[in-house]
Each structure stands twice: as structure tokens, then as C-alpha cells.
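Quick notes on the structure that follows.
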Amino acid sequence: MASRSLSGTVDLAAYPIDRLDRPEGRSALAEWRRSIAENGVLVLPRFLVPAAVRSILAEAEAMAPDAYYCAQSHNPYLAANDDSLPAHHPRNIVNVSDVGCLADDRIPASSRLRQVYNASEVRGAIAAILGFDALYPYEDPLGSLNINLQNTGQQLNWHYDNADFVTTILLQDSDAGGAFEYCPNLRRPEDENYDAVGCVLRGDRAAVKTLEILPGSLVLFRGRYSLHRVTPVEGPTPRIIAILSYDRKPGVVLTEFTRKLFYGRVA
């Protein structure tokens, strides 16, 4: 049975993450595995029940003045430019991403979002979907559980992730814009496919897909090989999304440099 922390928060009738050893759980797990294997992404619409979304969103809005906003110039590889390559090479094409972030220590221990993050059923389901033996919450004082806010004109530009996977829950969509766009498996371990990346960066939409996400939806995305972005937000309603960070090994923390970059402080 599900822990009390998930009762009335996760739609366990639709998503039997507490019953993966039963027929309904095994069937759901098989479908989730197929989806992420084929598409590099899994969307569980309305994973959180509406009352839980409203509760978490109200907390986020109350904390919004404490968010740290930063703008970063970066290439799609989130790495240093390569001076040995021409300026128009994808390794050297730089764009700007800007976002506000509420760090882990701003999110109350009593928050329903934190209860979801800490729930063994959630971690166990994600691990099972990805084929891992186990997953562990980050132990970073700032980066374990975050809420990101994007206001008018703010965006996440085209990039690949350095992590094997990212887990998010959309809390509020913007009035317009703020679309999650991605190019499934645009590169492979043995082939960076720079020509295709360059086409996307120059505006070619042939490989681009848009992911439809409803508030309350949990998204599991493997962005290491799928180029992706969030388009600029339009209108007065901010796009608000929770980032749940897990790893295959325990005790993961961020460097002080990374904390300073994303949160404006180290502790």
C-alpha cells in the first residue's frame, strides 16, 4: 500500500506506482518502459491530483520573491566553446537561457511536493522504468528539489543534458509560449550529428517535436541525446515547474561553483 505521504496527492488509481508487483502495476510499467525506450520521454498526465497541484502552486507563489534569477550564455553542450572549430559550428553557437529558481532549502519540509520527492514509491517507479536497481535523492542543500519560474520573455535555450535523466512536474503553464520542444535522439554516443544540430539551431523544424504537458503531469526525460528547449514565455502568467533530482548512487551533491551559478549562494 502507498505511504500516507502519497494518499490524496498522487493519482494512484491511474498510476499504480505502489503496486508494481501486481498485474495492474506490471502492465503499467511495461507501457511506461516502452514509451521512454521509443521516445526518450515519458509523460504521466495529471500524476498529481488537482488539489495537490493547487496546494504546491500556492506555496510556490508565496515563495516566488525568494527566487534567484540568472541568465546564462551557453552552447547546446553546456560546455566551453571549442576554439579549434569555426564560429558557426554548433559547439560555438551561444544562446541565452534565463530562469528563476527556488532552491531546496526554500521548500518546506511539510510541502506535499517534498513528500512526493521523498516517497520510496516514486523513486522505485522511476528506477524500474529506467531499468536501474535503485535511485537516491540528492543530498545537496540547494539542488535536491527545486522549483523553477519563467516569466514573460524567459526561456531555456537549446541544449543537451549532462544527466542521464531529468524528472519534472509541471505546476503551472504560461498563457502562451513556454512550450517544451525536443528532437528525439538527435545524437548518439558514436555520432554527434553536428549537421542536424546546426539545422535546428538555424531554425529548421523538421526534427522538432512539441511535448504536450498538463499541470500536475510528471515528465521523465532522457535529454542527454535529445536536443531540447523551452520556448520564451508569453503573457503575465509564469511557467512554474518542479525539478526532482535523483541519482543511481547515494550522497550526490553539487559543487560550490554550480550552487553559486544557479542559486547565487553556496549554502
Side-chain angles (χ1 to χ4, degrees), residues 39-41 67-101 103 140 142-143 146 148-168 174 176-213 219-235 238-239 241 243 245 247 252 254-266:
N39 307 304
V41 63
Y68 176 74
Y69 284 86
C70 65
Q72 301 176 49
S73 298
H74 61 84
N75 61 35
Y77 304 90
L78 303 180
N81 283 12
D82 189 337
D83 294 336
S84 70
L85 298 170
H88 62 270
H89 190 278
R91 285 274 178 187
N92 294 324
I93 296 178
V94 173
N95 289 302
V96 175
S97 293
D98 43 5
V99 65
C101 185
D140 192 84
L142 302 182
N146 288 172
N148 282 1
L149 305 93
Q150 290 174 276
N151 297 303
T152 302
Q154 295 182 324
Q155 63 182 313
L156 292 179
N157 234 304
W158 288 114
H159 66 283
Y160 290 108
D161 291 335
N162 291 323
D164 287 334
F165 67 96
V166 174
T167 305
T168 63
S174 52
F180 185 91
E181 297 185 340
Y182 70 113
C183 305
N185 301 313
L186 195 64
R187 68 174 178 175
R188 299 185 299 277
E190 69 280 3
D191 181 11
E192 288 289 351
N193 199 9
Y194 286 128
D195 288 343
V197 175
C199 287
V200 174
L201 298 180
R202 291 190 293 271
D204 188 325
R205 309 256 327 152
V208 177
K209 293 187 176 183
T210 300
L211 196 64
E212 298 296 330
I213 310 173
V219 178
L220 188 58
F221 183 66
R222 306 200 86 158
R224 187 184 292 273
Y225 299 106
S226 296
L227 193 69
H228 56 286
R229 71 169 180 172
V230 176
T231 64
V233 165
E234 302 172 23
R239 182 179 189 266
I241 191 166
I243 315 294
S245 295
D247 199 272
V252 170
L254 304 176
T255 65
E256 289 192 357
F257 175 85
T258 301
R259 289 186 201 140
K260 185 69 174 177
L261 181 66
F262 288 107
Y263 311 108
R265 55 197 171 95
V266 298

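- The two residues Arg239 and Gly178 have their closest heavy-atom pair at NE-O, 3.1 Å.
- When all heavy atoms of Pro90 and Pro76 are compared, the pair lying nearest together is O-CD, 3.2 Å.
- Between Pro232 and Gly153 the shortest heavy-atom distance is CB-O, 4.1 Å.
- Contact annotation: the side chain of Tyr77 approaches that of Val197 to within less than 4.5 Å [non-hydrogen atoms, C-beta and beyond].
- Nearest heavy-atom pair across Pro184 and Ser226 is CA-OG, 3.4 Å.
- With values rounded to the nearest 0.5 angstrom, Leu156 atom CG is found 7.0 Å from Asn148 atom CG.
- Between the CG atom in Asn151 and the CG atom in Asp98 there is a gap of 9.5 Å [rounded to 0.5 Å].
- Inter-residue side-chain proximity for Val94 and Asn81 is flagged as met; some heavy-atom pair is nearer than 4.5 Å.
- Judged purely by atom type and a 3.5 angstrom limit, Ser73 has no side-chain atom pairing as donor or acceptor with the backbone of Val96.
- Within the 4.5 Å cutoff, side-chain heavy atoms of Thr231 are placed close to those of Arg229.
- Taking the side chain to side chain donor-acceptor pair (under 3.5 Å) definition, one finds that Ser84 meets it with Asp82, sequence neighbours left out.
- Checking side-chain atoms of Asn92 against main-chain N and O of Leu85 turns up a donor-acceptor pair under 3.5 Å.
- Checked against Leu201 for a side chain to side chain contact (heavy atoms under 4.5 Å, CB included), the options Ile93, Asn75, Asn157 give a single hit: Ile93.
- In terms of heavy-atom proximity, Ala163 sits nearest to Arg224 at C-NH2, 3.5 Å.
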Worksheet entry | Residues Tyr263, Leu254; criterion side chain to side chain contact (heavy atoms under 4.5 Å, CB included); working and verdict | CA-CA 11 Å; Tyr263 311 108; Leu254 304 176; 4.0 Å; yes

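- At least one side-chain heavy atom of Leu186 sits under 4.5 Å from a side-chain heavy atom of Tyr160.
- By the 4.5 Å heavy-atom criterion applied to side chains, Leu220 and Phe165 are counted as neighbours.
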For Val219 and Phe180, what are the C-alpha separation, side-chain angles and deciding distance, and is it a side chain to side chain contact (heavy atoms under 4.5 Å, CB included)? CA-CA 11 Å; Val219 178; Phe180 185 91; over 6 Å; no

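- When side chains are defined from C-beta on, Thr210 counts as touching Glu181, because their heavy atoms get closer than 4.5 Å.
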* Working for side chain to side chain contact (heavy atoms under 4.5 Å, CB included), residues Phe221 and Thr168 -> CA-CA 8 Å; Phe221 183 66; Thr168 63; over 6 Å; no

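- Side-chain contact between Leu142 and Phe262 is absent, with no heavy-atom pair separated by less than 4.5 Å.
- Other residues, nucleotides and ligands contribute over 12 non-hydrogen atoms within 6.0 Å of the CG atom of Asn162.
- Note that OG of Ser174 and CD of Gln150 are 8.0 Å apart. Values are rounded to the nearest 0.5 Å.
- Contact of the Gln72 side chain with the Leu78 side chain is not registered, since no non-hydrogen atoms from C-beta on lie closer than 4.5 Å.
- Scanning for side chain to side chain donor-acceptor pair (under 3.5 Å) contacts around Gln154 gives an empty result, with sequence neighbours left out.
- Within the 3.5 Å criterion, the main-chain N or O of Val41 finds no donor-acceptor partner in the side chain of Asn39.
- Note: Gln155 CD to Glu234 CD = 11.0 Å, rounded to the nearest 0.5 Å.
- Residue pairs satisfying the side-chain hydrogen bond (donor to acceptor under 3.5 Å, both in side chains) criterion with at least one member in residues 189-203, sequence neighbours excluded, are listed as follows: Arg91-Tyr194, Arg187-Glu192, Arg188-Glu190, Arg188-Asp191.
- Rounding to the nearest 0.5 Å places NE2 of His228 at 10.5 Å from SG of Cys183.
- Note: Asp164 CG to Tyr225 OH = 7.5 Å, rounded to the nearest 0.5 Å.
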